[in-house]
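By convention in this document, chain letters (A, B, ...) are assigned in the order of the sequence lines, proteins followed by strands, and residues within each chain are numbered from 1.
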Amino acid sequence: MPEVSSQKSVVRGQRPEVRYGSGAEFVIEALIRASGYSAILFVGLILIFLLKESLPAFAEVKPEALFGQRWYPIEGHFGLLPLIGGSLIVTLGATAIAVPFGLAAAIFIAEVAPRWAREVLKPLIEILGGLPSVVLGFMGMLVLAPFIRVTLDTPTGLTAFTGSVLLAGMALPTLVSVAEDALDAVPKSYRDAALALGATQWQTIWRVTLPAARTGVLTAVMLGIGRAIGETMTVMMVTGNAARMPTALNALFLPARTMTATIAAEMGEVANGSAHYHVLFTIGIALFVISFAVNLVASAVVFQQQKRSQRLLS
Amino acid sequence: MRTFFLRCLAIIIVVALTACRRPSDLGEAAAASAIENKGSDTMVNLALAWAESYQTERPDVRLSVTGGGSGTGIAALINGTVDIANASRAIKSEEREKARANGIEPVEFVVARDAIAIIVHPANPVNQISLTQLSAIYRGEITNWRSVGGEDRPIVLLSRETNSGTHVFFLEHVLRLGKKDDKSLFSPDTLLMPSSEGISAEVRQNPNALGYDGLGYVTPDMKTLAVAQADGEPFVLPTIATVNDQSYPIARELYMYTLGQPSGQVKEYMDWVLGPEAQKIVAELGFVPVR
């Protein structure tokens, strides 16, 4: 404790001297501040651009038509529901696969695996995250899709589920890596205390370590979902792109068309300024809102958690 | 040591100077004689073969060919970013109006003919199908191969994306049987594949699949169905002979659109495309020559 306070006083003593003594300091500080604010500025500009390009859609297409169940833009059918449904079902499927597997992998690496295994496993999983999505999509189209058609006996292998499996594979590296870091950051004394009280290793992990790392684990899950909902190339190649309404649970094993794949497939073709063009930007807005909501929920949870831990400490 | 550094410096300066000079030379050459050619994926192999052959004959002319779909090519022509748009469908009246609004009058050339082949997995026992059956299948009224003489399997419908000229042609001439007032659409269960290769890959491995694609894209590892104009009419397989005598019912013209009446290099190229040498390439690639 005395050490820390003495350091502080040293810093305090030096600070004015550095600040006024060098103009470089001022410039660097301004640059850092500017780059920080520019992130906000860019998000704002992107939102303004999206709104500017998408708002005419509401004048050109009746709002109730946007909630139609048919997407066939070249004949003026602009129902967004099948696309939103497609994105949701693929993303939920991916989350349902990635979260249990990712958490299990993270717990194994952080808590169970011996040190050497951990040092091999973590970089390997992170390399998986570097695979280009178009390569994964190609493998999905030629290997995974036929496999799914034969084993699950679906009419075609190009289904929402195929997309979910591949997206789960893409979200896993992020999820495992971040969750493992969070578990690793839990102080050793927590585990020692639990074990000293007679808890088994499993009880320690499930009741002590995992709840203590909840914030980081949640961030990991949200980052994984974010990766899944924004992914384009892979889903375009393996989900079949049929804009059908998901009405029952079996929709997971039928083709689906996601919002991202729709924008990617159609943006190159539309005439600038047509209703179709504006509606594609409306889809962009919908995606923006969804990922914003996911981030908001994540940071709200993290914020709440912080307040709670602050309360505990005080 | 010092001389070594000087030599290095000299080499760097020489390299830098040559590097500085080259782009400007290239830029001038490109500005003088680059023809931008974009559009239909059906025609992209044909357009590339033409460009390669033309460039061996006329090395001074630079041609750049890209695909993306007929709609993409025409949109680029309307925006004035290409010299020639390839299209596997005729330009729509609204597209022509939009071009006029930009001060461009697209000029149409029929450069080849193409048959659309109906393709299935080689193990599918069905050999022939009528246009009315195809229409009912793609509307979603027939969903099992049993109804058209096959096994008891669901039919998986494959189509190109909506920006493909093949898609629009199929919608108008097969699904709607050429009726202008018919507003029926593809079944929502139709899989829209982003590329010809996507359709081929699925047809090769899935015995439930039914797809369509330009004759030039059919490979021996899929099966082509014979098509009848209506129930009771003869079933015809697509070949150059049956397309030219118009007995095969799903054939269409392939177009090139130029930015106004072509002149200079673009005119020379268009004349060559319609000449005997280029039309021989048309036949070699599985399309049908126009003259």
Less than 4.5 Å to any heavy atom of chain A: does that hold for the side chain of [X], its backbone, both, or neither?
X: B:Leu171; value: side chain
X: B:Glu161; value: side chain
X: B:Glu202; value: side chain
X: B:Leu192; value: both
X: B:Ser187; value: backbone

Is [X] close to chain B through its backbone or its side chain, or both, or neither, when contacts mean heavy atoms under 4.5 Å?
X: A:Thr262; result: neither
X: A:Leu254; result: neither
X: A:Pro255; result: side chain
X: A:Ala265; result: both

What residue, out of [options], has the most heavy-atom pairs lying under 4.5 Å from chain A?
options: B:Ala201, B:Pro207, B:Pro188; answer: B:Pro188
options: B:Ser70, B:Ala209, B:Pro194; answer: B:Pro194
options: B:Asn163, B:Ile74, B:Leu158, B:Leu157; answer: B:Asn163

With a 4.5 Å heavy-atom cut-off, do [X] and [Y] have their side chains touching?
X: A:Ile74; Y: B:His167; answer: yes
X: A:Leu142; Y: B:Gln205; answer: no
X: B:Thr190; Y: A:Arg244; answer: no

Chi angles and distances behind the side chain to side chain contact (heavy atoms under 4.5 Å, CB included) call for B:Leu191, A:Asn241: CA-CA 6 Å; B:Leu191 274 62; A:Asn241 300 322; over 6 Å; no

Inter-residue atom distance B:Leu185.CG - A:Arg70.CZ, 0.5 Å rounding: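 That separation rounds to 4.5 Å.
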
Distance in Å, A:Met237 CE paired with B:Ser195 OG, rounded so as to fall on 0.5 Å steps: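 Spacing of CE (A:Met237) from OG (B:Ser195) equals 7.5 Å.
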
Side-chain (A:Asn272) to main-chain (B:Asn79) donor-acceptor, under 3.5 angstrom: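 Not at all, since once roles are kept as given, no pair shorter than 3.5 Å links the two residues.
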
